[in-house]
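Shown next, in structure tokens, is the structure this report addresses.
From a predicted model like this one, the values you see are computed outputs, not experimental measurements.
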Amino acid sequence: MKLKLLLLIMVLISTLMVVTPAVAAETWIEAIIGQPLIPKNCTDPQTEVDSCTLNDAFQVIVNLSTLIVAMTGTAALLMFTYGGVMWIIAAGSQERVQKGTAAIQAAVIGIVIVLGAWLVVNFTINALTGGQVGSKAKIFTTVDWSRTPSGE
């Protein structure tokens with residue numbers, strides 16, 4: 001009973017150490033990815049309606065993929081820890097060793113899937129923007145996509 005209480009207290013203290021800086025930031029998402037999820041020129045009521053561009057949509061996709069990768073890393077770390085603890089406390093029980101192995105394998109498979117998806121998203125965005133997400137999007141050409149043929 002004392003061990004469970006001690007573990008609970010340690011988990012709560014660890015959680016507070018991780019969560020407090022994120023809460024102190026403007027939003028928890030900004031603390032993780034370093035910028036707002038949706039660019040400010042798309043959410044600011046003072047800006048004009050057409051100030052949100054295709055490039056801002058690309059930035060939202062990049063921000064979402066960064067957030068997903070960060071959350072996946074956290075979940076994978078927890079799964080690795082769970083699998084390792086199962087191995088440690090197995091005490092010769094094959095069932096617990098198999099549970100730990102399955103948890104670690106699931107974490108590795110999850111990381112591979114998420115990083116593969118991240119690679120596809122980043123490759124696609126780089127192909128669409130010419131590798132410069134902060135500039136005007138150029139869709140597979142060197143011509144600015146947002147200009148009309150007459151140059152207006």
Side-chain angles (χ1 to χ4, degrees), residues 1-45 47 51-142 145-146:
M1 183 66 171
K2 288 182 181 180
L3 180 62
K4 288 183 181 180
L5 182 61
L6 180 64
L7 284 174
L8 178 65
I9 290 171
M10 288 176 61
V11 166
L12 287 175
I13 290 172
S14 299
T15 303
L16 286 175
M17 290 174 71
V18 170
V19 171
T20 304
V23 172
E26 253 183 70
T27 66
W28 63 274
I29 293 175
E30 286 183 37
I32 293 174
I33 62 174
Q35 58 186 337
L37 184 64
I38 301 172
K40 290 196 187 285
N41 62 333
C42 293
T43 58
D44 187 18
T47 59
S51 67
C52 194
T53 63
L54 177 64
N55 206 30
D56 293 320
F58 288 150
Q59 189 63 51
V60 170
I61 294 169
V62 168
N63 291 346
L64 277 173
S65 66
T66 304
L67 182 65
I68 290 170
V69 168
M71 294 298 181
T72 302
T74 304
L77 177 64
L78 291 174
M79 290 300 292
F80 282 129
T81 304
Y82 172 73
V85 168
M86 289 302 289
W87 272 12
I88 290 170
I89 66 171
S93 170
Q94 281 298 324
E95 181 181 325
R96 285 188 179 171
V97 170
Q98 288 174 348
K99 267 185 161 179
T101 304
I104 292 172
Q105 286 175 346
V108 169
I109 291 170
I111 288 173
V112 167
I113 290 171
V114 169
L115 290 180
W118 176 81
L119 183 67
V120 168
V121 167
N122 273 352
F123 176 78
T124 304
I125 298 253
N126 281 333
L128 292 174
T129 64
Q132 299 175 1
V133 175
S135 65
K136 288 193 173 192
K138 296 175 178 33
I139 302 186
F140 298 114
T141 66
T142 56
W145 71 273
S146 63

So which atom in [X] and which in [Y] form the shortest heavy-atom distance, rounded to 0.1 Å?
| X | Y | value |
| --- | --- | --- |
| Gly83 | Ala103 | CA-CB, 4.1 Å |
| Gly110 | Thr72 | O-CG2, 4.4 Å |
| Gln59 | Gln35 | NE2-NE2, 3.1 Å |
| Pro39 | Val60 | CD-CG2, 3.6 Å |

* **Check: Arg96 side chain, Ala91 main-chain N or O, donor-acceptor pair, under 3.5 Å** => no
* Does the Asn63 side chain pair with the main chain of Ile38, one donor and one acceptor, at a distance under 3.5 Å? -> no
* Looking at CG of Leu115 and CD1 of Ile68, how far apart are the two atoms once the value is rounded to the nearest 0.5 Å? -> 12.0 Å
* With rounding to the nearest 0.5 Å, note down the distance linking CD in Glu95 to CE in Met86. => 8.0 Å
* Is it true that the side chains of Thr101 and Trp87 contain a donor and an acceptor less than 3.5 Å apart? ->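 There is such a pair (donor and acceptor under 3.5 Å, judged by atom type) between the side chains of Thr101 and Trp87.
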